[in-house]
Amino acid sequence: MKIIDTPEEMQKQARLLIQSGEDIGFVPTMGCLHEGHLSLIRIAKEYADAVVVSIFVNPAQFGPNEDLDAYPRDFERDEKLCRETGADFLFYPTPQNMYLDGHSLWLSEESLSTVLCGASRPGHFRGVCTVVAKLLNIVMPDVMVLGEKDAQQLRVLRRMVRDLNFPVKIIAAPTVREADGLAMSSRNKYLTPAERKEAVCLSRSLEKAKALFAAGERDAERIKAAMRAVIEKTSGRIDYLEIVDDETLQCVSKLENPALTALAVKFSGARLIDNAVLR
Ligand code: AMP
């Protein structure tokens, strides 16, 4: 596995791969890798000849009062995991290399980004779109694998790729969970032991929604009330809990088309997100 730390060198390597007829698979991450990330690398290997993993804690997608400095980083462990999982290239640029002095161009998606995490984290998706567009120009992949865990990010990036004609196919990978149902996340490390136990409430509330939906319930308010009741038994504070149309991400009151139920819950140590599609 080659480790590359400048965009120029990564582009050079990508050109060589393309010239030799190899398909490039790409897994963008912020590091502190867990089994969820590794599942994306394995999927990328199925679709491509050469797999590039990027590790970049993107300052542009963090708000001023968010956890940029505290975000967990462990490059040595990540490098070992990437190697063991079969990545061919690890792209690990510095913020200075990614954002040159005077960087002044930003990409904003203006519809899907305005709700859910976009509403509670202003500027977040502008940072995500900008960095992923840059990474696509640097890595030039045929296939990019993204996790369904970040459902809104997946939909926003699909829209960006569609609307700006990026020549890349996006593959969505299912959410990998801990044994008790908690979605794996680098931020789970921030939870206190008591909060870690309570954090299962996110997936439990989604299970509740799925069970109600399966039993024929189509009223969004009733499903949301049942979900809220699960969270409110814990010390977690609901940041948002919504049922939205899976295509437009606009709130729905009756579940007639596929709907996305998504929530963010704040614990003292971390803000966690999870989601499920009801169809
Ligand atoms: P992150 O490092 O958190 O920015 O995530 C990098 C990629 O891994 C994104 O496409 C995420 O959606 C995906 N991802 C994060 N957690 C999981 C998980 N538990 N299961 C599957 N994919 C995940």
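Ligands are counted one by one from 1 in listed order, and the atoms in each one are counted from 1 as well. We number each residue from 1, following the sequence as shown.
Classification of Arg228 and Glu221 as a salt-bridged pair holds, one side-chain N sitting under 4.0 Å from a carboxylate O. Using a cut-off of 4.0 Å between Lys/Arg side-chain N and Asp/Glu carboxylate O, Arg42 and Glu35 are scored as salt-bridged. A salt bridge is defined here as a Lys NZ or Arg NE, NH1 or NH2 lying under 4.0 Å from an Asp or Glu carboxylate O, and Asp219 with Lys254 meets this definition. Salt-bridge annotation for Arg155 and Asp246: present, with a side-chain N of the basic residue lying under 4.0 Å from a carboxylate O of the acidic one. Taking the charged nitrogens against the carboxylate oxygens, Asp239 and Arg121 have no contact shorter than 4.0 Å, which rules out a salt bridge.
Polar contact with ligand 1: absent for Val145 (N/O pair, distance under 3.5 Å). For the pair Ala183 and ligand 1, the shortest N or O to N or O distance does not fall below 3.5 Å. Residue contacts with ligand 1: Glu148 is placed with no nitrogen or oxygen under 3.5 Å of a nitrogen or oxygen of the ligand (distance criterion only). For ligand 1, one of its N or O atoms has an N or O atom of His37 under 3.5 Å away. Between Ala173 and ligand 1, no pair of N/O atoms sits closer than 3.5 Å.
Evaluated by nearest non-hydrogen atom to atom 16 (N) of ligand 1, the leading choice among Met144, His34, Gln153 is His34. Across the listed options Pro28, Gly36, Gly147, Pro28 owns the non-hydrogen atom lying nearest to atom 6 (C) of ligand 1. When Leu33, Leu157, Leu182, Leu40 are checked for heavy-atom proximity to atom 22 (N) of ligand 1, Leu40 turns out nearest.
Protein heavy atom closest to atom 20 (N) of ligand 1, with residue, atom name and distance, is Val176 N, 2.8 Å. Considering only non-hydrogen protein atoms, atom 23 (C) of ligand 1 sits nearest to Lys149 CB, 4.0 Å. Protein heavy atom in closest approach to atom 21 (C) of ligand 1: Pro174 O, 3.5 Å. With respect to atom 4 (O) of ligand 1, the closest heavy atom belonging to the protein is Met30 CG, 3.5 Å. Nearest non-hydrogen protein atom to atom 12 (O) of ligand 1 is Asp150 OD2, 2.6 Å.
No continuous path of hydrophobic side-chain contacts links Ile231 to Val244 [ILVMFWY only; heavy atoms under 4.5 Å].
Each of the following atoms of ligand 1 lies closer than 4.0 Å to a heavy atom of Met184: 16 (N), 17 (C), 18 (C), 19 (N).
Minimum heavy-atom separation, Val139 to Ala14: O-CB, 3.4 Å.
Ligand 1 is never approached by Cys32 to a heavy-atom distance shorter than 4.0 Å.
In this structure, Arg237 forms no cation-pi arrangement with Phe267, as its terminal cationic atom is not both closer than 6.0 Å to the ring centre and no more than 45° off the ring axis.
Ring geometry for Tyr92 versus Phe75: interplanar angle under 30°, hence parallel rather than tilted (30 to 60°).
Annotation: the span from Thr29 atom OG1 to Ile41 atom CD1 amounts to 7.5 Å, rounded to 0.5 Å.
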